[in-house]
Amino acid sequence: MAHIHDHGSQGHDHSRGAGHVHGSTDKKRVLVAACLTAGFMVAEALGGLFTGSLALLADAGHMLADSIALGLAWYAFHLGGRPATVRLTYGFGRVKTLVAYTNGIAIFAIALWIIYEAWGRLLAPAPVLGGPMLVVAITGLAVNIGCFFVLHGGDRDSLNMRGAILHVLGDLLGSAAAIVAALVILATGWTPIDPILSVLVSLLILSTAWSLMREAAHVLLEGVPASLDRDLIAKDIEGTVRGVREVHHMHVWSMDGSSNMATLHACLNEGTDAHKAVSAIKKRLAVEHGISHTTVEPEFGQCADSHDEHDHDHEHHSAPHHGHYH
């Protein structure tokens with residue numbers, strides 16, 4: 001059967017253009033956030049050591065990991081803009097998903113470390129300087145709010161961008177918790193509030209990190225995007241594209257959580273123009289379902305991947321075959 005693969009459809013080109021614009025602006029946003037985060041992280045770590053505040057040290061730990069993660073996110077955008085190669089025919093777009101998954105693991109590790117340290121502080125409370133702690137925490141909150149708004153204007157369909165936003169959101173919550181802890185310590189002198197709020201923030205971040213890791217893993221496993229239903233899409237093509245009798249061997253996945261792709265076999269009625277049918281399928285998938293890159297194999301009669309009983313019996317009694325082509 002003929003195999004038609006058209007890279008030049010309007011839907012595909014439009015998606016590439018939009019993705020390039022998003023990627024360029026997101027790359028700049030992540031770089032700005034990385035510089036701001038790394039710059040204040042040192043000051044907050046010194047402030048945490050000086051005041052004896054676990055909340056500040058915890059937030060500084062978040063910011064250290066976040067500055068590294070944001071740097072990796074920037075590099076992922078940088079790699080994602082490179083053209084495809086002979087060995088990497090889809091390019092480097094999936095690097096962003098790998099970084100998002102790695103970010104989730106890093107958040108988990110930091111949150112668990114904070115919980116461990118907090119338990120030690122609760123067993124043996126340490127003195128905390130509430131005044132200097134409050135000043136550092138308020139400054140940190142201002143920096144984190146700035147980073148959050150820089151990133152929030154980016155493409156929130158991108159797993160890489162969402163991972164970067166999650167890191168900064170964790171820092172923002174950490175700074176807010178440090179402010180509350182400082183105010184309580186100044187008002188009452190009760191220092192256990194410092195590790196308690198650190199643990200609460202860590203638990204909130206853990207749940208969000210798990211969601212990010214689960215989505216990134218789904219993309220890496222080439223699962224069907226949550227916004228799409230493969231079987232309903234196949235039925236839609238069968239019901240709307242003239243000349244299509246059946247759709248099978250359909251696979252739908254995403255490269256990076258935002259760019260969707262599909263492959264399928266389209267069984268056509270006799271006399272149907274294969275080129276027109278394939279073009280109509282591609283247009284339908286791009287316009288109605290947001291699938292920008294599609295490979296369609298048109299078929300007449302029997303599927304090229306199926307074997308009738310005679311062929312199967314012949315293969316069974318002849319020399320060993322070299323596998324099944326799917």
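Source: prediction; values computed, not measured.
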[X], [Y]: one ILVMFWY side-chain cluster at the under-4.5 Å cut-off?
X	Y	result
Leu129	Leu141	no
Ile179	Ile196	yes
Tyr101	Met255	no
Val32	Val30	yes
Phe149	Trp74	yes

Min side-chain heavy-atom separation [X]-[Y] under 4.5 Å:
X	Y	value
Leu134	Leu183	yes
Thr294	Thr263	no
Leu264	Val252	no
Pro225	His218	no
Ser259	Ser292	yes
Ile291	Leu228	yes

Subject >> Full working for side-chain contact (heavy atoms from CB on, under 4.5 Å) between Met133 and Val128 >> reply: CA-CA 8 Å; Met133 175 184 174; Val128 179; 3.6 Å; yes

Heavy-atom closest contact ([X] atom, [Y] atom, distance):
X	Y	answer
Phe108	Met213	CD1-SD, 3.7 Å
Ala216	Thr97	O-CG2, 3.6 Å
Thr191	Ile185	CA-CG1, 4.1 Å
Leu268	Ala274	CD1-CA, 3.8 Å
Leu172	Phe148	CD1-CB, 4.1 Å
Thr272	Ala277	CG2-CB, 4.1 Å

Subject >> Fellow cluster residues of Tyr116, listed by chain then number, with links counted only when side-chain atoms sit under 4.5 Å apart >> reply: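 Tyr116 shares its hydrophobic cluster with no other residue.
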
**OP:** Could you tell me which residues satisfy side-chain hydrogen bond (donor to acceptor under 3.5 Å, both in side chains) with Asn144, sequence neighbours excluded, listed by chain and number?
**Re:** Ser175

Original post:
For Glu117, which residues count as a side-chain hydrogen bond (donor to acceptor under 3.5 Å, both in side chains) partner, sequence neighbours excluded?
Top reply: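 Once residues adjacent in sequence are excluded, Glu117 has no partner under the side-chain hydrogen bond (donor to acceptor under 3.5 Å, both in side chains) criterion.
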
What's the separation between atom [atom1] in [X] and atom [atom2] in [Y], rounded to the nearest 0.5 Å?
X	Y	atom1	atom2	answer
Ile233	Met250	CD1	CE	5.0 Å
Ile114	Ser198	CD1	OG	6.5 Å
Cys35	Phe40	SG	CZ	16.0 Å
Leu197	Ile193	CG	CD1	4.0 Å
Ile145	Leu36	CD1	CG	13.0 Å
His248	His265	NE2	NE2	6.0 Å

**OP:** Mind checking salt bridge (Lys or Arg N to Asp or Glu O under 4.0 Å) for Glu222 and listing every partner two or more places apart, or none if nothing turns up?
**Re:**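 Here the qualifying residues are Arg94.
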
Original post:
Looking at residues at least two apart in the chain, or sitting in another chain, which of them share a salt bridge (Lys or Arg N to Asp or Glu O under 4.0 Å) with Asp236?
Top reply: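 Per chain and number, Asp236 pairs via salt bridge (Lys or Arg N to Asp or Glu O under 4.0 Å) with Arg284.
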
Show me, pair by pair, the donor-acceptor contacts under 3.5 angstrom made by side chains of residues 41-52, not counting sequence neighbours?
unit_1, atom_1, unit_2, atom_2, d
Thr51, OG1, Gly47, O, 2.8
Thr51, OG1, Ser53, N, 3.4

**OP:** Take Trp253 and Asn260 through the test side-chain contact (heavy atoms from CB on, under 4.5 Å) and record every step on the way to the result.
**Re:** CA-CA 6 Å; Trp253 71 100; Asn260 299 324; over 6 Å; no

Taking the side chain from [X] and the backbone from [Y], do they hold a donor-acceptor pair closer than 3.5 Å?
X	Y	result
Arg29	Val150	yes
Thr188	Trp190	yes
Asp273	Lys276	yes
Ser279	His275	yes
Ser254	Val219	no
Glu238	Val247	yes
Thr37	Ala34	no

**OP:** Verify the neighbour count for atom CH2 of Trp113: are there more than 12 heavy atoms of other residues, nucleotides or ligands below 6.0 Å?
**Re:** yes

Original post:
Hey, is CZ on Arg242 packed in by over 12 heavy atoms from elsewhere, all under 6.0 Å?
Top reply: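 No, not enclosed.
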
Original post:
When you look at Leu285 and Ile237, which way does the side-chain contact (heavy atoms from CB on, under 4.5 Å) test go after all the steps?
Top reply: CA-CA 8 Å; Leu285 290 174; Ile237 295 172; 3.7 Å; yes

**OP:** Any chance you could lay out the side-chain contact (heavy atoms from CB on, under 4.5 Å) test for Leu206 and Ile115, step after step, and finish with the verdict?
**Re:** CA-CA 11 Å; Leu206 279 174; Ile115 293 172; 4.2 Å; yes

